[in-house]
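Contents: one structure, followed by commentary.
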Amino acid sequence: MQGLPLASLLKNEELLSVFCRAAELVLSDAVQGRDRAYVLAATETFLDRYCPWLKAGSDEVLSVLLEQGSVRQQGAILTVRALRSPSDYSAETLLDYLKTAERERLLERERRIAQLQRKNETVNARTAPEADPELDRRMMALAMEQAVLARQAGEVPVGAVLAADGKVLAAAGNRVVSDHDPTAHAEMLVIRKACSLLGSERLPEADLYVTLEPCGMCAAAISAARVRRVVWAAGDPQRGAFGGRASICDVLGLNHRASGSSGLMADESRRLLNEFFSERRRAQEVSDGHA
């Protein structure tokens with residue numbers, strides 16, 4: 001703990017309690033009915049001898065001891081709280097205290113997790129938005145156009161569209177190579193664009209259309225953005241995070257689960273992907289042949 005800031009000590013209830021007990025034990029004989037200057041000097045000695053690991057001045061520590069009730073002030077006179085019982089300051093008692101505090105902290109954490117799970121179940125139990133087949137096909141066709149543009153730019157041909165109330169908020173194809181950015185998947189790009197456009201980090205009324213099942217990274221972003229619904233064309237058994245390879249919401253316990261469906265224009269998407277990778281393999285074979 002060498003160089004521990006006072007702010008960190010204050011955030012750790014168990015350590016703060018032990019620290020205050022130690023101060024009471026050391027200062028109880030010296031500080032009874034003394035003025036502030038004397039108590040500050042005694043506190044400085046306590047810090048130098050017993051707490052060189054703490055990065056704090058005697059005035060700061062005295063303020064903490066006053067707030068915690070270890071030191072009391074009446075007018076200009078300060079007094080250290082009387083020792084409750086010698087056993088309260090034994091190593092065994094402090095260890096028992098820390099164990100009890102740890103158990104209470106774990107119970108509180110479990111309570112909060114259960115509360116959050118109940119909230120998530122309520123949210124995810126809401127009726128899924130009704131699909132409009134014609135709108136879905138139109139939006140997926142736009143996403144397919146973005147995938148074609150991505151292929152022409154030398155990117156893996158995946159396109160995405162984010163829409164709300166039947167209107168396109170953002171459209172993009174993969175730009176991983178173009179932007180030298182491994183996170184520049186089509187889904188990530190349209191989420192960023194739509195959030196920027198709406199001035200919000202949440203998209204609860206938006207539906208995402210993408211030509212390939214989103215990967216784990218994109219699925220997590222979709223959950224974080226609270227996207228309402230996801231429609232993807234081709235499934236991805238290798239990296240798909242909406243059931244293709246895994247269900248990322250189940251794996252990570254994410255707070256929000258977008259409703260989803262797959263298969264719309266799946267053949268067109270697979271054909272585009274297969275052609276892209278076939279061309280790339282042929283190009284590599286030619287390159288190896290000339291090497």
Side-chain angles (χ1 to χ4, degrees), residues 120 123-124 126-150 155-176 179 181-237 239-252 254-266 268-270 272-273:
N120 292 342
V123 171
N124 292 320
R126 293 173 184 168
T127 304
E130 187 175 346
D132 180 340
E134 180 57 34
L135 176 63
D136 286 355
R137 178 163 290 278
R138 182 156 52 88
M139 292 300 168
M140 186 61 79
L142 293 176
M144 201 65 66
E145 291 177 5
Q146 293 295 323
V148 172
L149 292 174
E155 303 279 354
V156 174
V158 177
V161 168
L162 254 176
D165 297 323
K167 298 179 181 179
V168 174
L169 297 175
N174 276 1
R175 290 190 56 85
V176 173
D179 291 354
D181 179 359
T183 72
H185 290 194
E187 304 96 305
M188 300 292 288
L189 296 178
V190 294
I191 288 173
R192 291 172 189 165
K193 289 180 182 179
C195 286
S196 178
L197 175 67
L198 299 177
S200 173
E201 72 281 6
R202 300 288 172 83
L203 303 167
E205 303 301 322
D207 297 334
L208 174 66
Y209 300 86
V210 59
T211 60
L212 182 65
E213 181 183 353
C215 67
M217 174 184 69
C218 295
I222 289 165
S223 175
R226 303 296 194 269
V227 172
R228 182 177 65 169
R229 180 167 167 258
V230 182
V231 180
W232 65 93
D236 187 350
R239 286 174 287 275
F242 276 84
R245 178 69 176 184
S247 179
I248 201 69
C249 290
D250 292 335
V251 172
L252 298 182
L254 297 177
N255 294 346
H256 172 75
R257 295 183 185 181
S259 63
S261 61
S262 62
L264 181 59
M265 300 184 70
E268 293 92 326
S269 176
R270 291 194 191 95
L272 194 61
L273 287 162

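- For the atom pair CD of E201 and CZ of R192, the computed distance is 15.5 Å after rounding to the nearest 0.5 Å.
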- Query: Checking side-chain contact (heavy atoms from CB on, under 4.5 Å) for the pair I222/I191: CA distance, chi angles, key distance, verdict?
  - Reply: CA-CA 8 Å; I222 289 165; I191 288 173; 3.9 Å; yes

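- Residue D136 comes nearest to A131 through the heavy atom pair OD2-CB, 3.8 Å, listed as atom of the first residue, atom of the second, then distance.
- Across all non-hydrogen atoms, the minimal contact from M144 to E268 is CE-CB, 4.1 Å.
- The distance from the CG atom of L212 to the CG atom of L272 is 10.5 Å, given to the nearest 0.5 Å.
- Considering all non-hydrogen atoms of both residues, V231 and M140 come closest at O-CE, 3.5 Å.
- Taking CZ of R175 as the reference point, atom CG of L149 lies at 11.0 Å (rounded to 0.5 Å).
- In this structure, the separation between CG on L169 and OG on S196 is 12.0 Å, given to the nearest 0.5 Å.
- The SG atom of C215 sits 8.0 Å away from the CE atom of M188 when rounded to the nearest 0.5 Å.
- Side-chain contact between E155 and V176: present, with at least one pair of heavy atoms (C-beta onward) separated by less than 4.5 Å.
- For the pair D207/M139, no side-chain contact is recorded, criterion being any heavy-atom separation below 4.5 Å from C-beta on.
- In this structure the side chain of E205 never reaches within 4.5 angstrom of the side chain of D165, judged on heavy atoms.
- By the 4.5 Å heavy-atom criterion applied to side chains, P157 and V148 are not counted as neighbours.
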- Derivation and outcome, side-chain contact (heavy atoms from CB on, under 4.5 Å), residues H185 and V158: CA-CA 8 Å; H185 290 194; V158 177; over 6 Å; no

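- Between the side chain of Q146 and the main chain of A160, no donor-acceptor pair closer than 3.5 Å is present.
- When all heavy atoms of A219 and P214 are compared, the pair lying nearest together is N-CB, 4.4 Å.
- You'll find the side chain of L208 reaches within 4.5 Å of the side chain of V190, heavy atoms only.
- Two residues are said to be in side-chain contact when any heavy atoms from C-beta on lie closer than 4.5 Å; Y209 and R137 fail this criterion.
- In this structure a side-chain-to-backbone donor-acceptor pair under 3.5 Å is missing from T211 to A233.
- Between A172 and K193 the shortest heavy-atom distance is CB-NZ, 3.8 Å.
- Here CZ of R138 is found 7.5 Å from CG of L142. Values are rounded to the nearest 0.5 Å.
- In this structure a side-chain-to-backbone donor-acceptor pair under 3.5 Å is present from N174 to V156.
- In this structure, A170 and A194 approach most closely via the heavy-atom pair CB-N, 4.1 Å.
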